[in-house]
Each structure stands twice: as C-alpha cells, then as structure tokens.
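Note that the structure is predicted; figures quoted are calculated from it, not measured. Naming: A, B, ... by sequence-line order, numbering from 1 per chain.
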Amino acid sequence: MSKEITSRADDYSQWYNDLIIKGGLADYSAVRGCMVIKPYGYAIWENMRDELDRMFKETGHENAYFPLFVPKSLFETEEKNAEGFAKECAIVTHYRLKTDPDNKGKLIVDPEAKLEEELVIRPTSEAIIWNTYKGWIQSYRDLPLLINQWANVVRWEMRTRLFLRTTEFLWQEGHTAHATQQEAIDETVQMLNVYATFAENFMAMPVIKGVKSANERFAGAEDTYCIEAMMQDGKALQAGTSHFLGQNFAKAFDVKFADKDNRLDYVWATSWGVSTRLIGALVMAHSDDQGLILPPKLAPIQVVIVPIFKGEEQKLLIDEKVKSLQKQLKAAGIKVKYDDKDNNRPGWKFAEYEMKGVPVRIAIGARDITNNVVEVARRDTKEKMSMGFEGLAENIIKLLSDIQAAIYSKAKVFRDEHITNADSWDEFIQLLDGKTGFIAAHWDGTSETEDKIKELTKATIRCIPLNNKPEEGKCILSGKPSTQRALFARAY
RNA sequence: CGGGAUGUAGCGUAGCCCGGUUAUCGCGCCUGGUUUGGGACCAGGAGGUCGCAAGUUCGAAUCUUGCCAUCCCGACCA
C-alpha cells in the first residue's frame, strides 16, 4: 500500500497531482514552476509528437528551428502581441558571471557583462519567425510558406500546475504565410481539424471546435479557433488553438510579396499550437481512483505480461512461452513489456501497472500453460477474460481498439451529459455551482457582458461552437437580443 | 503577489505546545533464506545538513525572525 492515490471525491486537485507523481509521469524540480518530465511521461509526449508530426507533414508542413532568444526590439514590433505577453516574459540582461570577491566559491552577475539589448526568452515565436520570413518571401511563388517548430517556451505564470501550466513547457508552433485571406483562413481551420482529429482519435478525448470571443483571443490574432475539452470535474481545458493572424504580423514586420501582376501586398498569416498540457488533459479525461487510464494509441506500454510461478522450473517454462508470445505481439505492432523481475509479486505488479494506466495486462502461470490460455485484463473496466494462444495477437489488437473506443465513448457520454442550456441568470448560476460542466447560453456579444459574467461567476466563454445553430434569444445577463448560444464554463 | 495550511531518510509519519543523551514507527532499499493466481514473510543491515539561513540559549527538530518550496482560496493565466 505504498502508493495511495487521493480519490477524486476527496480532493480533485490532489488526485491529479498524485496520478502525475505516483504514475511516474513527472517530478517537481529545483526550479520554481518547472517540472522534470520523467521517461514514462516523456514517452507519452513522444507518441503524441510523432503522430502530430506525421499529420503536419501529411498536410504539407516542414519542420524548422528558430532561436530561443528574441531581441526586445523584435519582440515589441507587433504591438498587441507584445502587450499580451509582456507581463509573463523572462528576460536575459547579462551574459557572464564572475566569482564573488566577497564570498569565496560563489558567483555573481558580472556588471561589466550587461547586454546592449535585452533578450526575451520566447513565450511564443511569432516575432523572431516573422522577422525571418521577411527575408524568405518576395514573390507569390514563395507562398504558401508552411513551417512548424518543436520547441520549448517560457511563460512566467504566477501559479503553475504540473503539465497544465508550467513556467517552461514543450510545444509545437506552426507559422504559415499565404497569398490570400481565404487561403490563410482555410489553413487555420484545417489545423484546427487536425487537432480535433488527434484529440478524438488518439487521445480518445472528445472536443468542441469553436471560435474564441474577443476577450479570449490570442494577442495579435484576428480570430482564434480552439478545441475545448471537458475534464472529469466539469471544468474546461483549452486543448489547442489555431489563429488566423490576418496581415497583422506581415504589416508589423513588413513582409510583402509580389503577385502575378507584380502588385505588392502583405501576406496573410496563421499560427497554431499544442503543448505538453495535452498530457494533463489526457490524465484528467480518463483516469480513475486507481490510477491512470491511457488510451492504447498513446500508451508507452500497451500490454504488460506478468508471470506467475512457483520455483525456477516453472519460471523457465513460462519464460519460454512468453518469448514466443512476445514475438507474436511485437510482430503485430503491439508495444509489449514482460515484467519478470522477481522483487515484486504478481499482486504488486497488477496494482502498479493499473496505476500507470497500461491498457492490457496478460497474466500467465503454470496452470495457464497447462490449459493453453492466458488471463487478459483490461485497465479501463477491470474486466478479466481468458484467451487462447491461437490468434492471440489479433484478439489483443481487437481488445486494444475496443478499449480506445470505450474510453472515448465514456468521456463523450460524460461530456454530453454535462452540456446544459441555461435560459436565465438564475439557471446559469445554479448550473455552475451544482451540476457543473459547460453551459450553453445566450450572450449579447459584448466584451462588457463577458467581463461582468466572469467577474460574477469565474465562468468564461470557452468558445462559440463552429456547428452552432442560429437561434433567437436573450442574453442571460443583459437581456439584449442574441442570435446564438455561447459555451460558458470555469476553466483551467 | 495577498490570505490559509504544510515541510522530519526515497515515500508516509511520531516527537514541537512545555528546549536536555544514540530523533519514532511503517513502507521502500541492501544481504541471506522461504515465497509468488490481487499490493508476501523471517533474520540481519544501510540510510537523517529535522526545508534553508540567521538569531536567542550552556544546549534548538522544538523558541524568534527572514527566506525557499508545495498545496488550497483569491488575483493572474493568448
């Protein structure tokens, strides 16, 4: 009982932290607000990254890498963007330390080594990238420019949470340039769809595609599209964003191109990103009080095999059987681990791999070998079944795919049950404090009303869903006319 | 950054109010043995700047001050 997990009902935040720490995904570090991503957590990120990277390349994008540092003068070029991020930037002011003459063995910043111009550690890379694009784009023949970068960024947040909001985090950021407005908008929507597909098909996490209100829009964007997911406590988590930047950055960085008729115009831009925050989303979307539940498509280990034996003789017999079993599973493309360490007994391993969210466990003992079967247990439902060796790989593949579908549908049922219409202010308040989840309500479309609602309830507009049906109504706060519902929720 | 709580071995903890020998217990770890179908047992062993730094004192885990970290509630969070 060394690794008790706080139950969701007792303390949801603590439950989340326990899963991350005890599941071996990450550790706190010596740096405030920064975490160490441990091998098991990083393996999930690698799986996400590999799949997203494949999807980006399939849609015509290439990877590149830009500097971590952004000269302050470049950073401030696009005013709104700079303003939006200014209060959470880390800044490099010096480039050298020296030994402290008054304190042996200690170092101090060398006052002689002050930089002429401060360097901002990127909170996002628009500035450095658009400064670079200026030199890359002259003609319509250079467009579209479709580039993605895998990188780390730093945002000096006041309050951090493992994976959900850390000072430094890993992400990808796509930055594209286009000849026409329509093409850029199409790109923005395309990448939103890529994110939604990834979230639903790989993370098994249903999302709502929508567009942000002006208040929640990315600093420097004309429109921010997003995917919003619902966590098990009913709160919303923004899982990915795709921005239509209009010509804002092109104008700020003077990026013009000549069209076929040799007319000069500014290019149209997009940017889009997802981060290691997705791991937090994954954890909160599916897991239970016994530990993580990982979707098979992203699980670092899809199947763990646990031997159960009495004595060396049985162990050798099982090893032999498992060797061929492993070969069979690996050949079928299944990520399988054989845990034959003898310092823990089977029961301990069962609990451990449940904590780590391994989708399928195979237990094999002498009596199974006699009967020519294995015991197969699925993590999501805890259901146990017996399977023969014949065609086992096919059956496991089928099972993994069933689990993937089952956890998606479980999350979707929960999500759908927690989206409720509110037609009055009282109803709105009651839902927020009682049932929780997303609330679809009429809103008059003004920032003032949105601010007021946030002030009164802490709920914000998560998005205006793209598939919204037009509907006549009255704003729940101001009573002014409205043509559609916005989705409100308290958010991470 | 404001309010609250916490910090003792890898983890969880007792001791703190009321200062006084080698800082308690469990898990984990190491060695040997017995075990192994849901978190094994026996024996022996290792492991500690009591979050950090000052101060008070003959003497500090214990008292005082400052700082740091984590959690909760705010503020903040494209």
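- Between the C1' atoms of B:A5 and B:U56, the separation comes to 27 Å (whole Å).
- Taking the P atoms as reference points, B:C71 lies 13 Å from B:G12, given to the whole Å.
- Between A:Phe244 and A:Trp268, the ring-plane angle classifies as parallel under the 30° and 60° cut-offs.
- Residue A:Trp171 is classed as a base contact, given a heavy-atom separation below 4.0 Å to a base.
- When rounded to the nearest whole Å, the span between CE of A:Met158 and C1' of B:G3 equals 15 Å.
- A donor-acceptor contact shorter than 3.5 Å is absent between the side chain of A:Asp53 and the backbone of A:Arg49.
- Nucleic acid contact class of A:Gly273 (heavy atoms, under 4.0 Å, all strands): none.
- Partner assigned to B:A69 is B:U6, using Watson-Crick or G-U wobble distances below 3.5 angstrom.
- A:Trp425 and A:Phe428 have parallel rings, their planes meeting at less than 30° on a 0 to 90° scale where 60° marks the start of perpendicular.
- Of the residues near RNA chain B, A:His243 and A:Lys349, the one whose nearest nucleotide (by heavy atom distance) lies more toward the 5' end is A:Lys349.
- Checking the phosphate oxygens (OP1, OP2) of B:C71, no side-chain nitrogen or oxygen of A:Ser13 falls inside 4.0 Å.
- Under the Watson-Crick or G-U wobble criterion, with both distances below 3.5 Å, B:U36 has no partner in any strand shown.
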Dump the intermediate steps for side chain to side chain donor-acceptor pair (under 3.5 Å) on A:Asp186 and A:Gln190, then the final yes or no.
-> CA-CA 6 Å; A:Asp186 290 347; A:Gln190 172 185 247; over 6 Å; no
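- No side-chain donor-acceptor contact under 3.5 Å links A:Arg462 to the backbone of A:Ala229.
- Within 4.0 Å of A:Tyr492, counting heavy atoms only, lies no atom of the nucleic acid at all.
- Summarising the base pairing, B:G59 is matched to no nucleotide, lacking a Watson-Crick or G-U wobble pair whose two defining distances lie under 3.5 Å.
- Under 4.0 Å is where a charged nitrogen must lie from a carboxylate oxygen, and between A:Asp288 and A:Arg379 at least one such pair does.
- One atom, CZ of A:Phe169, and another, C1' of B:C77, lie 11 Å apart when rounded to the nearest Å.
- Each of A:His175, A:Glu173, A:Glu126, A:His243 was checked for a side-chain hydrogen bond (donor to acceptor under 3.5 Å, both in side chains) with A:Ser271, and the lone residue meeting it is A:Glu126.
- Taking atom C1' in both B:C11 and B:U6, one finds a spacing of 16 Å when rounded to whole Å.
- Map A:Ser29 and A:Arg165 each onto its nearest nucleotide of RNA chain B; the residue landing nearer the 5' end is A:Ser29.
- One atom, CD of A:Glu352, and another, P of B:G28, lie 13 Å apart when rounded to the nearest Å.
- Counting to the nearest Å, the C1' atom of B:C76 and the CG atom of A:Leu164 are 16 Å from each other.
- The aromatic rings of A:Phe56 and A:His61 lie perpendicular to each other, with more than 60° between the two planes, well past the 30° mark.
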Intermediate values then yes/no, ring-ring contact (aromatic ring centres under 6.0 Å, His included), A:Phe253 and A:Tyr133 | CA-CA 9 Å; A:Phe253 288 89; A:Tyr133 281 2; over 10 Å; no
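- Comparing the P positions of B:G3 and B:G47 gives a spacing of 43 Å, expressed to the nearest Å.
- Rounded to whole Å, the C1' atom of B:A23 lies 11 Å from the corresponding atom of B:A9.
- Judged purely by atom type and a 3.5 angstrom limit, A:Asn193 uses its side chain to pair as donor or acceptor with the backbone of A:Val189.
- The nucleotide B:U31 finds its pairing partner in B:A43, both defining distances of the Watson-Crick or G-U wobble pair being shorter than 3.5 Å.
- Heavy atoms of A:Gln238 sit under 4.0 angstrom from at least one base atom.
- With both pairing distances under 3.5 Å, B:U24 is matched to nothing as a Watson-Crick or G-U wobble pair.
- Checking B:G48 for Watson-Crick or G-U wobble geometry (two distances, each under 3.5 Å) identifies no partner in any strand.
- Straight-line distance between the P atoms of B:G19 and B:C63: roughly 9 Å, to the nearest whole Å.
- Proximity of A:Arg159 to the phosphate of B:C72: a side-chain N or O atom is located under 4.0 Å from OP1 or OP2.
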Where along nucleotides 30-38 of chain B does protein come under 4.0 Å, by heavy atom, of base (B) or sugar-phosphate alone (S), with - for untouched nucleotides?
-> -----BBBB
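- The same atom, C1', is picked in B:G44 and in B:A60; the two are 35 Å apart, to the nearest Å.
- The partner of B:C17 is absent, by the rule that a Watson-Crick or G-U pair needs both atom distances under 3.5 Å.
- When the P atom of B:A5 is taken as reference, atom CG of A:Asn17 falls 20 Å away, rounded to whole Å.
- For A:Lys454 and B:G74, the NZ to P distance is 13 Å, given to the nearest whole Å.
- Of the C1' atoms belonging to B:G28 and B:U13, the separation is 14 Å, rounded to the nearest Å.
- Regarding A:Tyr16, its OH atom lies at a distance of 15 Å from the C1' atom of B:U70, rounded to whole Å.
- Taking atom CD of A:Glu157 as the reference point, atom P of B:C1 lies 15 Å away to the nearest angstrom.
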